[in-house]
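Quick notes on the structure that follows.
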Amino acid sequence: MEHNIKTILVDLSGTLHIENEEIPGSVEALKRLRNSKLNVKFVTNTTKESQRLLFERLRNLGFDIESREIFTSLTAAVKLIKQNSYRPLLMVDDRSLEDFKGIETKNANAVVVGLAPEKFQYNTLNQAFRLLMDGAPLIAIHKTRYYRTGSGLSLGPGPFVTGLEYAADCKAEVVGKPEKAFFLSAVEEFQCHPNECIMIGDDVKDDIHGAQGCGMLGILVQTGKYRPNDEDKIDPKPFLTVRNFSEAVDKIISTSS
Amino acid sequence: RQGGRRTDNMMASWNNNRKIKGVLLDISGVLFESGAGVPIDGSVEAVKRLQSAGLPVRFCTNETTMTRNMLTEKLHRLGFSMKDEEIFPPIPAVCKVLQKRNLRPHLLVHPTAALDFEGIDTLNPNCVVLGDATAEFTYHNLNKAFQALMSMEKPILFSLGMGRYYKEEEELVLDVGPFAKALEFAADVKAEIVGKPSETFFSSVLEDMGVSPENAVMVGDDIVSDVGGAQACGMLGIQVRTGKFRPQDESHPKVKPDSFADNLLAAVDLILQASK
């Protein structure tokens, strides 16, 4: 690696853990990464839980991580809502509602879509659709197509955002991965150039293609939602494709020492 | 033809001198309002006038919340008289396609309409068929359809129409289109449309009537599926101001109907003029 790497962005779900199970070797690998003195930030589109719940889950799995190191697309959404004084219809998981505390939701004039299976039903979708037809903006926390869960593949919010865009003939404003703004915002505090940053993730489109799109280097891990030949689906290909987070850390440390 | 709004009484030129020999009518939003127990004012008379004039009439609908028999019975109860075979909904059409291509469907359709799939093998599905499932459009059901597509070596998705929305008891509700787009996005597949505005669908109706597209007119409330779809096949298209029509349809960026009409009765005036 001839690059001068200063910052590592790490995806969470599918890269470090799947639900309540560590991906083998990840806790150890994170310790090794910390010893390297590189900047580390955890970026996630996970919208099922508030920042606090997310942090607690990772700590319980043994990860050496601080709450302020977690940058979520939910945080980015709250920022946007406050800036515009929107009153949102929140189609988000109940467990993430605490991140929206203090935001007025009566007489909704905006629709916010996160990962909320229990809200992706005909009646609620119709409610959201009618608001959009009246001119309300559509904010998508992210457009993830699907996840790997304990019981197989599961639809993400992306398909429902796409459906609403088609129904109301509107375009969603997406605040999470793979938007450039999200990645650049995540590394802002480190004041380094994108090409001094590496993004490690399991989603070839949202993690790798997104990060490489703003000049960062992408390392694709073959865990989580990875499917064979995913690395051939983007152009340019991932900078590196490795078995898992532990191998990614090995590669980073061996070339930056 | 100039751009901008056509006035309704330019009867002489709306059909571009083409002689009308066959008529296609949408059902929901043209003959009756979805959810209403009565026909739209003048629609029963309008259909009678067409039939009395000796013009072949076919009813092209993307209705998939009931069987074809139920649809016929409903129309007869409302006072319309047409034969079963003159009604063209998507389910019989997709059944023909499934049989021709040896396909076994995973169905996500309205439970009432599912009866029209009787005789179709649904074990070990190798395609997904999506209809207007209304309350059955749950996360769980959509996920099952998605998982079915992802497990297929060659995922095939049929969407019975691609409408964005329709009017149901005074309110706009999501049609099958948004859910088809959701699955297209999730599974990275392109849906095959069976029903309006598919050219194959319109062609099968024209063939049944024995009329060429340039001598046919479609009357509908959905400017994209009905009017745009018909024009794309070479037919004339009249947009009515009933059903799901919205004022902004008068200046649609892509579709310019050959004429607008307040309702079917007014449209039939134009059609009879052009059939002489």
Side-chain angles (χ1 to χ4, degrees), chain A residues 48 91 93 111 113-135 138 140 142-149 151-172 174 204-206 225 227-230 233-234, chain B residues 65 108 110 130 132-152 155 157 159 161-189 191 223-225 244 246-249 252-255:
Chain A
K48 273 189 350 205
M91 299 183 69
D93 195 284
V111 175
V113 180
L115 175 61
E118 75 280 2
K119 302 207 166 75
F120 293 147
Q121 319 291 354
Y122 190 62
N123 288 337
T124 336
L125 289 167
N126 271 330
Q127 223 189 326
F129 161 64
R130 285 177 208 131
L131 282 171
L132 298 175
M133 289 297 262
D134 282 340
L138 176 58
H142 56 91
K143 285 189 74 167
T144 298
R145 287 163 61 208
Y146 60 87
Y147 299 90
R148 176 168 296 285
T149 64
S151 49
L153 298 178
S154 235
L155 292 169
F160 297 94
V161 172
T162 303
L164 285 171
E165 285 180 320
Y166 177 72
D169 194 21
C170 66
K171 202 92 184 74
V174 187
V204 72
K205 289 199 172 134
D206 284 358
K225 70 162 68 119
R227 292 178 110 205
N229 303 317
D230 267 355
K233 295 191 182 132
I234 58 170
Chain B
T65 63
L108 178 47
H110 198 284
L130 206 65
D132 179 15
T134 65
E136 290 301 309
F137 278 133
T138 59
Y139 180 82
H140 177 82
N141 289 341
L142 286 160
N143 213 37
K144 282 268 164 293
F146 164 65
Q147 288 174 341
L149 283 170
M150 294 301 264
S151 71
M152 292 168 195
L157 171 64
S159 184
M162 193 56 86
R164 289 163 55 200
Y165 56 84
Y166 57 90
K167 201 138 172 243
E168 175 78 26
E169 285 174 39
E170 300 304 308
E171 271 201 312
L172 293 183
V173 296
L174 294 168
D175 198 345
V176 63
F179 298 98
K181 291 292 175 192
L183 289 179
E184 283 187 331
F185 180 80
D188 200 17
V189 300
I223 193 161
V224 170
S225 281
K244 72 172 78 149
R246 297 170 93 217
Q248 43 265 68
D249 292 342
H252 195 275
K254 296 209 181 94
V255 180

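So that the names make sense, note that chain A is the first sequence line, chain B the second, and so on, each numbered from 1.
- Classification of A:R227 and A:D230 as a salt-bridged pair fails, no side-chain N sitting under 4.0 Å from a carboxylate O.
- Chain B forms more heavy-atom pairs under 4.5 Å with one residue of A:L153, A:T144, A:L125, A:T124 than with any other, namely A:L153.
- Per-residue heavy-atom pair counts under 4.5 Å with chain A were compared for B:F137, B:F179, B:F146, and the maximum is reached by B:F146.
- For the pair A:K143 and B:F185, the cation-pi criterion (under 6.0 Å, within 45° of the ring axis) is fulfilled.
- Of the listed residues (B:E184, B:E136, B:M162, B:H140), the one with the most heavy-atom contacts under 4.5 Å to chain A is B:M162.
- Looking at B:T134, the atoms closer than 4.5 Å to chain A (heavy atoms on both sides) sit in the backbone and in the side chain alike.
- Note: A:A167 leads A:G156, A:A167, A:G163 in heavy-atom pairs under 4.5 Å with chain B.
- Using modelled atom types, one side-chain atom of B:R164 and one backbone atom of A:Y166 make a donor-acceptor pair closer than 3.5 Å.
- Most heavy-atom pairs under 4.5 Å with chain B, from the set A:V161, A:D169, A:L164, A:N123: that is A:D169.
- Listed options B:L183, B:V173, B:D188, B:D175 were ranked by heavy-atom pairs under 4.5 angstrom with chain A; first place goes to B:V173.
- Using a 4.5 Å cut-off between heavy atoms, B:N141 does not touch chain A at all.
- Using a 4.5 Å heavy-atom cutoff, the side chains of A:K205 and A:R145 are in contact.
- Taking chain B as the reference chain and counting heavy-atom pairs below 4.5 Å, the highest number among A:N126, A:L155, A:T162 is found for A:L155.
- In the displayed structure, B:E170 atom CD is contacted under 6.0 Å by at most 12 heavy atoms of other residues, nucleotides or ligands.
- Under the 3.5 Å distance criterion, the side-chain polar atoms of A:R130 are matched with a main-chain donor or acceptor of B:L172.
- There is no contact between B:A180 and chain A, counting heavy-atom distances below 4.5 Å.
- The aromatic rings of A:F129 and B:Y165 sit tilted, their planes meeting at an angle between 30° and 60°.
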